[in-house]
A.B. asks: 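I am attaching a structure below and will ask some questions about it afterwards.
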Amino acid sequence: MMRKEKCQSKTAFFPLNCPISLKVVFLCVFVYNNMFVCLFFYICFSVFQVHLASCYGGLYGRPFIESFEETPMLVAVLTYMGYGILTIFGYLRDFLRHWQIEKCSIAREKENQKDFVPLYQDFENFYTRNLYMRIRDNWNRPICSVPGAKMDLMERTSRDYNWTFEYTDRVVQDVINLGSYNYLGFAENTGPCADSACEVTMKYGVGVTSTRQEIGNLDRHEEMEKLVAKFLGVESAMAFGMGFATNSMNIPALAGKGCLILSDELNHASLVLGARLSGSTIRVFKHNNMQSLEKLLREAIVHGQPRTHRPWKKILIVVEGIYSMEGSIVRLPEVIALKKRYRAYLYLDEAHSIGALGPKGRGVVDYFGLDPCDVDVMMGTFTKSFGAAGGYIAGKRELIEYLRSHSHSAVYATSMSPPVVEQIITSMKCIMGEDGTTIGCKRVRQLADNTVYFRKRLREMGFITYGNNDSPVVPMMLYMPAKIGAFGREMLKRNIGVVVVGFPATPIIESRARFCISAAHTKDMLDRALSVISEVGDLLQLKYSRHRIQPSPARPFDDNVYEDIDD
């Protein structure tokens with residue numbers, strides 16, 4: 001069993017931060033030297049404190065509410081039946097294709113390559129040709145305008161059930177865009193950002209054609225990195241040309257053999273790939289479940305590495321600021337508390353949260369009012385709130401200098417394009433207010449207001465939504481496979497562009513539509529979109545909510561977590 005420290009004196013039992021009424025009770029008990037009664041009162045008070053902390057979150061300076069509603073049983077059964085029927089018909093159609101009764105348009109390997117390692121896994125191939133193809137028209141839609149609050153789509157049709165598409169030369173105009181990550185509305189072709197990018201293009205050109213370590217390091221790159229460090233409140237930062245590679249190519253430089261990576265089960269594919277490429281031992285904890293994380297940390301400290309039981313060289317906790325499929329916000333105060341308690345390192349991916357959260361738009365750290373120095377590695381992307389491309393790593397100066405010489409992205413990748421760099425600089429200065437205006441602050445506030453309003457209206461209509469009340473990523477549950485395609489098509493018919501997501505990107509019974517709210521959306525746009533969503537929801541019977549939204553507690557209870565660990 002875990003050892004408990006013995007108290008050195010009677011005063012160790014006295015809680016100095018308890019209410020005055022309880023202090024009086026303790027003083028009375030001490031007068032009569034009844035230590036057993038004193039201990040009883042202390043335990044009761046401790047339990048009371050733990051209960052308050054679990055309900056209201058002692059580490060949180062503001063309400064932290066993440067609502068969810070369990071899948072109705074009938075809906076879950078019908079969803080499984082739907083996938084089952086699709087699978088049966090898929091095998092039937094494969095049988096017909098095998099005997100050339102039905103034409104198969106999917107790419108297949110040649111007969112003389114059958115002995116090679118297969119390019120596709122059997123299930124992935126089966127799912128693609130029999131399930132995904134039925135609703136393929138909901139993805140990869142080409143747009144022919146700026147992806148702002150509204151956009152223009154190129155119309156296309158299919159004569160062979162989505163195997164191929166033909167363009168009709170017709171443009172669907174003024175489609176309300178609820179799918180792009182344009183959180184602060186900087187994806188625009190007019191205004192100061194576009195003007196600055198044009199000026200830099202005329203001076204520097206579009207491409208750099210070299211790496212930063214050779215002759216591709218421009219003065220604009222240096223200015224951008226200093227500005228990022230100032231914006232985040234850290235010592236130093238460095239930028240990369242691709243957000244995905246920022247994770248996948250830098251994590252292997254930070255961890256390796258003999259290290260332990262503790263990863264949230266819903267982390268992005270770039271984080272998963274980076275962890276695998278590092279060669280570290282990977283252990284996964286339940287999504288946003290601090291008890292599950294703490295259990296893994298305790299086991300890592302107690303047992304050490306497998307077989308040798310030597311201490312881990314490094315324990316790296318990897319989390320995201322906003323989870324892009326769930327709309328949930330990381331419990332960063334608790335993660336930092338655990339990280340300090342067990343002396344681990346923290347890698348925070350703020351791809352979706354930077355610019356979209358916090359009173360100053362500086363991400364989840366700003367949202368909770370925490371010290372940026374408590375996060376060892378701060379990662380983010382410029383592809384969303386800043387309307388540009390690429391990503392960054394920020395932290396202590398020693399960390400950044402190490403990555404400049406050890407990161408594959410820093411050594412081998414071509415430098416960022418000058419107009420993209422200028423877009424980042426201009427938009428970031430706008431958010432910080434260094435452009436002499438309050439446009440950035442207004443956009444941050446507008447995004448927060450739009451998010452709360454949109455989420456509230458969806459819940460009032462009877463839809464099941466996931467995630468935090470302040471998250472601009474709003475998943476709305478569809479569940480059944482047939483409703484994935486139907487919802488996307490019906491919304492587009494009414495000039496609303498949405499993103500629908502299904503298995504294997506989500507659990508099989510949790511297909512959803514994912515709305516991304518922007519500061520560029522006006523109230524009229526949101527009201528129009530909500531009206532259409534309600535209309536399509538009635539048509540497809542998507543209003544599953546039974547109005548039993550359960551607030552997610554600060555530390556959700558888990559029977560499997562509080563297991564005793566022997567020394």
A.B. asks: Please list, chain by chain and in numerical order, all residues satisfying side chain to side chain donor-acceptor pair (under 3.5 Å) with R455, sequence neighbours excluded.
C.D. replies: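 Side chain to side chain donor-acceptor pair (under 3.5 Å) list for R455, sorted by chain: empty.
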A.B. asks: Identify the two heavy atoms, one from S471 and one from T451, that lie closest to each other, and give their separation to 0.1 Å.
C.D. replies: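 In terms of heavy atoms, the two residues are closest at O-CG2, 3.1 Å.
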A.B. asks: Exactly one of K230, R404, R397 should register a salt bridge (Lys or Arg N to Asp or Glu O under 4.0 Å) with E225. Which one does?
C.D. replies: R404
A.B. asks: To the nearest 0.5 Å, what is the distance between CZ (F386) and CG (N182)?
C.D. replies: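 Between atom CZ of F386 and atom CG of N182 there are 12.5 Å.
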A.B. asks: Quick one: does L271's side chain get under 4.5 Å of S263's, heavy atoms only?
C.D. replies: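 No. Closest side-chain heavy atoms not under 4.5 Å.
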A.B. asks: Do H406 side-chain atoms and Y402 backbone N/O form a donor-acceptor pair below 3.5 Å?
C.D. replies: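 Such a contact is found between H406 side chain and Y402 backbone.
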A.B. asks: Is there a side-chain contact (heavy atoms from CB on, under 4.5 Å) between Y204 and D219 once you walk through the steps?
C.D. replies: CA-CA 11 Å; Y204 292 92; D219 57 344; 2.8 Å; yes
A.B. asks: Would you check if T211 and V411 make a side-chain contact, meaning some heavy-atom pair closer than 4.5 Å?
C.D. replies: no
A.B. asks: Compare all side-chain heavy atoms of M416 with those of F382 and state whether any distance is below 4.5 angstrom.
C.D. replies: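 Yes, at least one pair of side-chain atoms sits under 4.5 Å.
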A.B. asks: So how far is it from L260 CG to K314 NZ, rounded to the nearest 0.5 Å?
C.D. replies: 12.0 Å
A.B. asks: Any ion pair linking R362 and E350 (charged N to carboxylate O, less than 4.0 Å)?
C.D. replies: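 The answer is no: the pair does not qualify as a salt bridge.
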A.B. asks: Are side-chain heavy atoms of R341 and E294 found at a separation under 4.5 Å?
C.D. replies: yes
A.B. asks: Rounded at 0.5 Å granularity, tell me how far CD in E434 sits from CZ in F231.
C.D. replies: 10.5 Å
A.B. asks: Quick one, E334 with L293, criterion side-chain contact (heavy atoms from CB on, under 4.5 Å). Give me CA distance, side-chain angles, the key distance, then yes/no.
C.D. replies: CA-CA 10 Å; E334 296 179 69; L293 174 59; over 6 Å; no
A.B. asks: Are the charged groups of R220 and E223 less than 4.0 angstrom apart, N to O?
C.D. replies: yes
A.B. asks: Check whether T426 reaches the backbone of Q423 with its side chain - one donor and one acceptor, N or O, closer than 3.5 Å.
C.D. replies: no
A.B. asks: Check whether T79 reaches the backbone of I509 with its side chain - one donor and one acceptor, N or O, closer than 3.5 Å.
C.D. replies: no
A.B. asks: So, for V208 and P418, which heavy atoms are closest and what is the spacing to 0.1 Å?
C.D. replies: CG2-CD, 3.8 Å
A.B. asks: Hey, is the main chain of G363 close enough, under 3.5 Å, to the side chain of S353 for a donor-acceptor pair?
C.D. replies: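 Looks like no, no N/O pair under 3.5 Å.
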A.B. asks: Specify the closest pair of heavy atoms between N177 and P147, including all atoms of both residues, with the distance to one decimal.
C.D. replies: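 Distance-wise, the nearest heavy atoms are ND2-O, 3.5 Å.
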A.B. asks: To check you understand the geometry: which heavy-atom pair defines the closest contact between Y392 and F240, and what is its length?
C.D. replies: CA-CD1, 4.3 Å
A.B. asks: Has S385 got a side-chain atom pairing as donor or acceptor with I354's backbone, closer than 3.5 angstrom?
C.D. replies: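 Yes: the side chain of S385 pairs with the backbone of I354.
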A.B. asks: Measuring from atom OG1 of T281 to atom CG of L262, what distance do you get when rounded to the nearest 0.5 angstrom?
C.D. replies: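 Rounded to the nearest 0.5 Å, the OG1-CG separation comes to 10.5 Å.
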A.B. asks: Give a yes or no answer on whether the side chain of R443 reaches the backbone of A519 with a donor-acceptor pair at less than 3.5 Å.
C.D. replies: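 Side chain of R443 to backbone of A519, a donor-acceptor pair under 3.5 Å: no, none is there.
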A.B. asks: Quick check: Y132 with Y127 (ring centres under 6.0 Å apart)?
C.D. replies: no
A.B. asks: Are F186 and C430 packed together at the side-chain level, in the sense that at least one heavy-atom pair is separated by less than 4.5 angstrom?
C.D. replies: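 Yes, side chains in contact.
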A.B. asks: Side chains of R129 and D94, heavy atoms from C-beta outward: is any pair under 4.5 Å?
C.D. replies: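 Touching, per the 4.5 Å side-chain cut-off.
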A.B. asks: Considering non-hydrogen atoms only, spot the tightest contact between I315 and W312 and give its length.
C.D. replies: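 Nearest heavy atoms, I315 then W312: CG1-CB, 4.0 Å.
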A.B. asks: Please walk me through it: do V330 and E320 pass side-chain contact (heavy atoms from CB on, under 4.5 Å)?
C.D. replies: CA-CA 6 Å; V330 66; E320 295 185 45; over 6 Å; no
A.B. asks: If I compare all heavy atoms of L297 with all of A344, which pair ends up nearest, and what's the gap?
C.D. replies: CD2-CB, 4.3 Å
A.B. asks: I'd like to know if the side chain of W139 and the backbone of V499 have a donor-acceptor N/O pair within less than 3.5 Å.
C.D. replies: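 Not a single qualifying donor-acceptor pair exists.
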A.B. asks: Applying the side-chain contact (heavy atoms from CB on, under 4.5 Å) test to I322, which of V364, D470, L357 qualifies?
C.D. replies: L357
A.B. asks: Please output the side-chain donor-acceptor pairs of residues 247-257 that fall under 3.5 Å, not counting sequence neighbours, one pair per line with the distance.
C.D. replies:
unit_1 : atom_1 : unit_2 : atom_2 : d
N247   : OD1    : Y347   : OH     : 2.6
N247   : ND2    : S270   : OG     : 3.0
N247   : ND2    : D349   : OD2    : 3.0
S248   : OG     : F244   : O      : 3.1
N250   : OD1    : S407   : OG     : 2.7
N250   : ND2    : T246   : O      : 2.7

A.B. asks: According to salt bridge (Lys or Arg N to Asp or Glu O under 4.0 Å), does anything in residues 369-389 pair up with another residue at least two apart or in another chain? List the pairs.
C.D. replies: K339-D376, K340-D374
A.B. asks: Evaluate the side-chain contact (heavy atoms from CB on, under 4.5 Å) criterion for residues R514 and V473: first the C-alpha distance (whole Å), next the side-chain angles of each, then the deciding distance (0.1 Å), finally the verdict.
C.D. replies: CA-CA 7 Å; R514 184 185 63 180; V473 179; 3.8 Å; yes
A.B. asks: Return the CZ to CG distance between F126 and L131, rounded to the nearest 0.5 Å.
C.D. replies: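 Between F126 CZ and L131 CG, I get 6.5 Å after rounding to 0.5 Å.
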A.B. asks: Do E326 and R512 make a side-chain contact, defined as non-hydrogen atoms from C-beta onward lying under 4.5 Å apart?
C.D. replies: yes
A.B. asks: Measure the CG-CG distance between L227 and L232 for me, rounded to the nearest 0.5 Å.
C.D. replies: 9.5 Å
A.B. asks: Report the C-alpha distance between H287 and S328 in whole Å, list the side-chain angles of each, state the deciding distance to 0.1 Å, and finish with yes or no for side chain to side chain donor-acceptor pair (under 3.5 Å).
C.D. replies: CA-CA 9 Å; H287 174 55; S328 54; 2.7 Å; yes
A.B. asks: Whether the side chain of D264 engages the backbone of V319 through a donor-acceptor N/O pair (distance < 3.5 Å, no angle test) should be reported.
C.D. replies: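 No.
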A.B. asks: Please name the residue in the list Y323, Y183, Y181 that meets the side chain to side chain donor-acceptor pair (under 3.5 Å) test with H352.
C.D. replies: Y183
A.B. asks: Side chains of E66 and N288: closer than 4.5 Å at any heavy-atom pair?
C.D. replies: yes
A.B. asks: For Y345, look at atom OH and say whether over 12 heavy atoms of other residues, nucleotides or ligands are found less than 6.0 Å away.
C.D. replies: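 Incorrect, the count does not exceed 12.
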